[in-house]
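The structure appears right after this line, and notes come after that.
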Amino acid sequence: MCKAIIIRNYGDAKVLELEKISLNEPGDRELLIRHTAIGVNYHDIYVRSGLYKTLNLPGIPGCEAIGIIEKIGSGVKNFKKGDRIVYITSDYGAYATHRMLSDHLAIKVPDMISDEVMATNFLRSMTVKMLLEKVTKITLADTILVTAAAGGVGRLLCQWANSLGVCVIGTVSNQNKVSKANSYGCKYTIVCDQNDVVEKVMNFTGGKGVDVVYDSVGSETFEHSLATLKKCGHLVNYGQSSGPVEPLMMSTLAIKSLTVSRPILFHFIEHTEIYHQMAHSVFDFFMSNRLLLPESESYPLKDASITHDILESRRGGGSLYLIP
Ligand SMILES: NC(=O)c1ccc[n+]([C@@H]2O[C@H](COP(=O)([O-])OP(=O)(O)OC[C@H]3O[C@@H](n4cnc5c(N)ncnc54)[C@H](OP(=O)(O)O)[C@@H]3O)[C@@H](O)[C@H]2O)c1
């Protein structure tokens, strides 16, 4: 029997209820997927709470999952029953035991990479790929600042940037996370509740500031992030874990000829060929590097609400996934 988490009204995690669903036969270019592991992202919380009104209600949330193809449509050429695939979609529907998926979204996963590693890291590492190679073009000489360096995207971003030889400065919320951030490749890690982030970044960079800031925290960190940039630096605000950023006066940027961007992964993977190229580069990154990843925690699909509560309480980021 097929089941899915259906959101009928926006609200707290209690609105995530498991219900029976029925699926038709696959259309021409569609695949029937039986999910084996489902990713849980902060985006799902914004969708559930109604901050993002991007899911039509009633609707099934979830933007990424791994699964096995059970049936293929008559026009599908590159897949067969039994293939193991991963996908990201802005059309949601991943919080389900089964789903119908357009074949252009499915990507075969190398055997070496486990379901749990993909479920906790695929969307996040695609985001890192976007940040480091599409949104910015960092060079060996660059120094970057990564907020929430021990968080789900943060730790991958630090490790990937470090593997490129870039000097990484990280911020974390408390002392316990400093050694973690250092192990992810931060040359310097700053505890940001001490209110001296800008001063410390300036000390570490000989008074110049950093070339790029990757800020996922949003309202709490944005102002400091801007202040830590060197002249002509670039602030990439790619998340808002602490809330959306206030409107910005353009003249603030003129003081140091700064640039700011607010990228969304979905826009960078709309083109199928680029989406597949980015995914293969992510697979290569996972297969050729010894990445430090926290132990992952799985929950049954019916307990999706628990994973949202954990994420919102700032625990378990990047390590939670659902099992149908
Ligand atoms: N633009 C895109 O396409 C894209 C793609 C993926 C993710 N994102 C966004 O990036 C952000 C991080 O995602 P993630 O997967 O890395 O999440 P995560 O694993 O849950 O990490 C978020 C981290 O943010 C830090 N944080 C600081 N202030 C916080 C606050 N007030 N509330 C909650 N957390 C706070 C926490 O680290 P400390 O405790 O160390 O501060 C936490 O570990 C989210 O906003 C997500 O939506 C955007």
Side-chain angles (χ1 to χ4, degrees), residues 13 39-49 51-52 54 61-64 88-90 94 119-136 145-160 169-184 186 189-195 197 213-225 235-245 260-270 275 278 282 293-297 307-321:
V40 179
N41 290 286
Y42 234 92
H43 185 97
D44 308 342
I45 291 172
Y46 304 142
V47 166
R48 186 212 72 214
S49 68
L51 177 67
Y52 292 172
T54 41
C63 343
E64 64 169 336
I88 296 172
T89 176
S90 56
T120 45
N121 293 289
F122 185 54
L123 186 145
R124 291 181 175 90
S125 39
M126 290 285 274
T127 304
V128 170
K129 175 88 185 157
M130 166 193 81
L131 294 173
L132 290 178
E133 292 179 18
K134 310 278 177 193
V135 178
T136 57
L145 178 72
V146 176
T147 67
V153 178
R155 63 175 153 260
L156 291 168
L157 179 51
C158 292
Q159 291 181 78
W160 200 319
I169 303 175
T171 65
V172 291
S173 61
N174 62 62
Q175 197 61 39
N176 298 335
K177 294 188 179 178
V178 171
S179 58
K180 277 190 195 164
N182 290 341
S183 70
Y184 298 140
C186 292
T189 302
I190 302 167
V191 179
C192 54
D193 63 356
Q194 289 167 359
N195 226 8
V197 178
V213 180
Y214 299 96
D215 186 337
S216 64
V217 176
S219 73
E220 275 177 18
T221 48
F222 189 82
E223 208 177 304
H224 282 162
S225 292
L235 168 53
V236 187
N237 169 226
Y238 70 94
Q240 48 188 30
S241 304
S242 65
V245 172
V260 175
S261 55
R262 179 64 175 93
I264 300 286
L265 176 65
F266 295 144
H267 301 149
F268 286 78
I269 57 175
E270 274 175 7
Y275 167 61
M278 286 171 69
V282 161
L293 302 171
E295 218 169 282
S296 39
E297 260 183 85
T307 61
H308 279 215
D309 284 339
I310 296 175
L311 255 194
E312 284 184 284
S313 66
R314 291 169 80 153
R315 291 177 291 124
S319 57
L320 301 166
Y321 68 104

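Bear in mind that the values here come from a model prediction, so they are computed numbers and not experimental data. Both counts, for ligands and for their atoms, begin at 1 and track the order of listing.
Panel note: side chain Ser242, backbone Glu220; a donor-acceptor pair is recorded below 3.5 Å.
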Checklist entry - Are Val40 and His308 close enough, and set up right, to give a side-chain contact (heavy atoms from CB on, under 4.5 Å), and what steps lead you there? => result CA-CA 8 Å; Val40 179; His308 279 215; 4.1 Å; yes

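Of all atoms in ligand 1, numbered sequentially from 1 with element shown, those under 4.0 Å from a heavy atom of Gln240 are 45 (O). Listed by atom number, the atoms of ligand 1 under 4.0 Å from Ile264 heavy atoms are 1 (N), 3 (O). Near Ser241, meaning under 4.0 Å from any of its heavy atoms, are these atoms of ligand 1: 11 (C), 12 (C), 22 (C), 24 (O), 30 (C), 31 (N), 32 (N), 33 (C), 34 (N), 35 (C), 44 (C), 45 (O). Atoms of ligand 1 found under 4.0 Å from any heavy atom of Leu265, numbered from 1 in the order shown, are 2 (C), 3 (O). For ligand 1, the atoms closer than 4.0 angstrom to any heavy atom of Ala148 are 23 (C), 24 (O), 25 (C), 37 (O). Below 4.0 Å from some heavy atom of Lys177 lie the following atoms of ligand 1, by number and element: 37 (O), 38 (P), 39 (O), 40 (O). Here is the list of ligand 1 atoms found below 4.0 Å of a heavy atom in Leu123: 6 (C).
No side-chain heavy atom of Val153 sits less than 4.5 Å from a side-chain heavy atom of Ser216. Contact check for His224 versus Cys192: no side-chain heavy atoms found under the 4.5 Å cut-off. Side-chain atoms of Val128 and Val282, non-hydrogen and from C-beta on, never get closer than 4.5 Å to each other. At least one side-chain heavy atom of Met130 sits under 4.5 Å from a side-chain heavy atom of Met278. Using a 4.5 Å heavy-atom threshold, the side chains of Phe266 and Thr54 count as separate.
Arg315 and Glu297 are not joined by a salt bridge, as no carboxylate oxygen comes within less than 4.0 angstrom of a charged side-chain nitrogen.
With a 4.0 Å cut-off on non-hydrogen atoms, Ala150 does not touch ligand 1 at all. When non-hydrogen atoms are compared, ligand 1 lies under 4.0 Å from the side chain of Val217 (C-beta onward) but not from its backbone. When non-hydrogen atoms are compared, ligand 1 lies under 4.0 Å from the backbone of Pro263 (N, CA, C, O) but not from its side chain. When heavy-atom distances to ligand 1 are checked against a 4.0 Å cut-off, Asn174 has no atom that comes that close, whether in backbone or side chain. By the criterion of a heavy-atom distance under 4.0 Å, the side chain of Thr127, and not its backbone, is placed next to ligand 1. Residue contacts with ligand 1, taken as heavy atom pairs separated by less than 4.0 Å, involve Tyr46 solely via side-chain atoms from C-beta onward. Here Leu311 has side-chain heavy atoms under 4.0 Å from ligand 1, and that is the only part of it that gets that close.
Residue contacts with ligand 1: Asn41 is excluded, as none of its non-hydrogen atoms falls under 4.0 Å.
At least one N or O atom of Val153, backbone or side chain, sits closer than 3.5 Å to an N or O atom of ligand 1. Between Gly152 and ligand 1, at least one pair of N/O atoms sits closer than 3.5 Å. The shortest N or O to N or O distance between Tyr238 and ligand 1 is below 3.5 Å.
For the atom pair NE2 (His43) and CG (Leu265), the distance works out to 10.0 Å, reported to the nearest 0.5 Å.
Evaluated by nearest non-hydrogen atom to atom 29 (C) of ligand 1, the leading choice among Arg155, Arg314, Arg315, Arg124 is Arg314.
Residue Glu223 qualifies as open at atom CD: its count of foreign heavy atoms under 6.0 Å is 12 or below.
Using a 30° and 60° split on the angle between ring planes, Tyr42 and Tyr46 fall in the tilted class, from 30° to 60°.
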